Protein chains: 2
Amino acid sequence: MKPGFIHETVVDFQLNTMKKSSVKFSPSDKCPVRTVLDRLGDKWSVLVILLLGAKGSVRFNHIQKEIGDVSQKMLTITLKSLEADGIVSRHVFAEVPIRVEYRLTERGESLLPHIQQLSDWAEENMRQILKDRKQYVA
Amino acid sequence: MKPGFIHETVVDFQLNTMKKSSVKFSPSDKCPVRTVLDRLGDKWSVLVILLLGAKGSVRFNHIQKEIGDVSQKMLTITLKSLEADGIVSRHVFAEVPIRVEYRLTERGESLLPHIQQLSDWAEENMRQILKDRKQYVA
DNA sequence: ACCTTTGGTTACCTTTTGAAACTAACCAGT
DNA sequence: ACTGGTTAGTTTCAAAAGGTAACCAAAGGT
């Protein structure tokens, strides 16, 4: 591991009132891993990428229903952040009612298999992990 | 994607006062992906796994210095949670001063390559992502 | 008796996330 | 014109996660 590979002070410009950009940014490009992994480390990005990867082009409300317990606010922020990173693209259809579809970009598609592997690993190991959690009463 | 693959209500038993277990649990084993991915979705788990994967057996304080901006409290919680999931193991040496080393379990080792791939992807794509972020002024 | 070290824990506070109500824009029925 | 329904958000305020800094326990040195 390179020196300074992980070390970095993260400053997050997230705006609590969603007034301006409402997009999550951790500046300082000193740590390649963390700059990007922080984004995946939020609660919803991975799920959104998996969903778009599985379903192709999906509408806002459909994403929300599919994930089930993401708030509109967090879904908005997550999608905008992923859009800012060039991982998903946003397509507005001037219909009525308005329709907005999201899909993975090429970059998003290149990320997808790695996330799917993680998801597969989780599925393979979850049963035993849940057992271990119950036993762990340290 | 299976029905109910993602949908789930997450209830988190994390204790804010660290009184009892201080370990993060999201029960309800209905969603395999999320049960496990939620753990990786916290701020520090991925970094700890990468570090232990790179360095083998590492002491508490050494992990903290290497990551740089994780607080003792969060590192404790992160390590306990990973231990509860059987991803890292804890080894206490009754020396003086006390020495506690952490390393990946077999399960942790099986998870490592997937996280490393993610990390590699991040490194390959970060330069362009950072550019895109700057341009994104929606 | 006092100081040092490691590996924590605790109380307190700030930032991030969640829940739910509200808005904008447009249409359909009455 | 008025009511209600749709989608895709925003806003407000409370809850949860995370950060800061002080404290503890155990042993060893001086």
Side-chain angles (χ1 to χ4, degrees), chain A residues 8-26 34 38-39 41-45 47-48 57-81 83 88 90-102 138, chain B residues 8-26 38-45 47-48 57-81 83 88 90-102 138:
Chain A
E8 173 201 13
T9 300
V10 170
V11 183
D12 211 329
F13 286 140
Q14 168 104 41
L15 306 169
N16 54 346
T17 49
M18 260 175 74
K19 279 255 167 83
K20 285 182 181 175
S21 78
S22 73
V23 171
K24 268 170 83 179
F25 284 129
S26 319
R34 288 183 52 176
D38 270 6
R39 174 69 29 95
D42 67 23
K43 206 168 172 184
W44 307 112
S45 293
L47 293 175
V48 168
S57 199
V58 191
R59 302 181 64 167
F60 186 91
N61 276 349
H62 188 67
I63 299 174
Q64 205 192 356
K65 270 171 211 151
E66 203 66 30
I67 293 183
D69 62 332
V70 62
S71 63
Q72 281 187 322
K73 175 179 138 190
M74 288 316 297
L75 185 53
T76 305
I77 292 175
T78 302
L79 288 169
K80 278 193 182 169
S81 300
E83 197 195 353
V88 313
R90 187 173 182 274
H91 306 272
V92 182
F93 298 85
E95 300 173 0
V96 82
I98 192 173
R99 180 160 60 101
V100 183
E101 293 194 349
Y102 294 89
Chain B
E8 174 200 13
T9 301
V10 171
V11 183
D12 210 329
F13 286 139
Q14 168 103 40
L15 306 169
N16 54 346
T17 48
M18 256 174 78
K19 281 257 167 83
K20 285 183 181 174
S21 78
S22 73
V23 171
K24 267 170 83 178
F25 283 129
S26 318
D38 270 6
R39 174 71 27 98
L40 303 179
D42 66 23
K43 208 168 170 180
W44 306 113
S45 293
L47 293 175
V48 168
S57 200
V58 191
R59 300 181 66 167
F60 185 91
N61 278 348
H62 188 67
I63 299 174
Q64 204 190 358
K65 271 172 209 149
E66 202 67 30
I67 293 184
D69 61 333
V70 62
S71 62
Q72 276 190 323
K73 176 180 139 187
M74 286 318 297
L75 186 54
T76 305
I77 292 176
T78 302
L79 287 168
K80 277 194 182 170
S81 299
E83 196 195 353
V88 313
R90 186 173 183 274
H91 306 271
V92 182
F93 298 85
E95 299 174 0
V96 83
I98 193 172
R99 180 159 61 102
V100 183
E101 292 192 348
Y102 294 89

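Keep in mind the model is a prediction, meaning the values are calculated, not measured. Lettering of chains follows the sequences in order, A, B, ..., and the numbering in each one begins at 1.
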Discussion item. Rounding to an integer number of Å, can you tell me how far B:Asp42 CG sits from D:dG18 P?
Written reply: 6 Å
Worksheet item: Would you say B:Gln64's side chain and B:Val70's backbone share a donor-acceptor pair under 3.5 angstrom?
Response: yes
Discussion item. Between B:Asp69 and B:Lys43, does any side-chain N to carboxylate O distance fall below 4.0 Å?
Written reply: no
Worksheet item: Would you say A:Trp44 reaches C:dT16's phosphate, i.e. side-chain N/O to OP1/OP2 under 4.0 Å?
Response: no
Item to complete: Measure the distance from CG on A:Leu79 to P on D:dT7 and round it to the nearest whole Å.
Response: 16 Å
Item to complete: With the side chain counted from C-beta on, respond yes when B:Lys73 and B:Ile77 share a heavy-atom pair under 4.5 Å apart, and no when they do not.
Response: yes
Practice prompt. Return the value, rounded to whole Å, for the distance between atom CD1 of A:Ile98 and atom P of C:dA25.
Written response: 10 Å
Discussion item. Looking at every heavy atom in both A:Arg34 and B:Trp44, which two are closest together, and how far apart are they?
Written reply: NH2-CZ3, 3.8 Å
Worksheet item: To the nearest Å, how far apart are B:Arg99 CZ and C:dT5 C1'?
Response: 14 Å
Worksheet entry | Main-chain N/O of A:Arg39 paired to A:Ser45 side chain as donor or acceptor, under 3.5 Å | yes
Worksheet item: Roughly how many Å is it from CD1 in B:Ile77 to C1' in C:dG7, rounded to a whole number?
Response: 15 Å
Worksheet item: Just how far, in rounded Å, is P of D:dT6 from CZ of A:Phe60?
Response: 17 Å
Discussion item. Tell me every residue that passes salt bridge (Lys or Arg N to Asp or Glu O under 4.0 Å) with A:Arg90, counting only those two or more places apart in sequence or in another chain.
Written reply: none
Worksheet, complete the sentence: In 5'-to-3' order, the base (B), backbone-only (S) or no-contact (-) status of each nucleotide in nucleotides 20-30 of chain D, using a 4.0 angstrom heavy-atom cut-off, is B------SS--
Worksheet item: Roughly, in whole Å, what's the span from NE2 in A:His91 to P in D:dT7?
Response: 20 Å
Fill in: Minimum-distance nucleotide (side-chain atoms of A:Asn61 versus D:dG9, C:dG7, D:dA8)
D:dA8
Worksheet item: Hey, does the side chain of A:Arg59 come within less than 4.0 Å of D:dT6's phosphate (OP1/OP2), counting only N and O?
Response: no
Worksheet, complete the sentence: Interatomic distance, OH@B:Tyr102 vs CG@B:Leu75, rounded to 0.5 Å, equals 7.5 Å
Worksheet item: In whole Å, what is the span from the NZ atom of A:Lys80 to the P atom of C:dT16?
Response: 17 Å
Worksheet, complete the sentence: Winner on side-chain proximity to A:Tyr102, out of C:dG7, D:dA8, D:dG9, is D:dG9
Practice prompt. Measure from the side chain of B:Lys43, starting at C-beta and using heavy atoms only, and say which of D:dG9, D:dT7, D:dG19 lies closest.
Written response: D:dG19
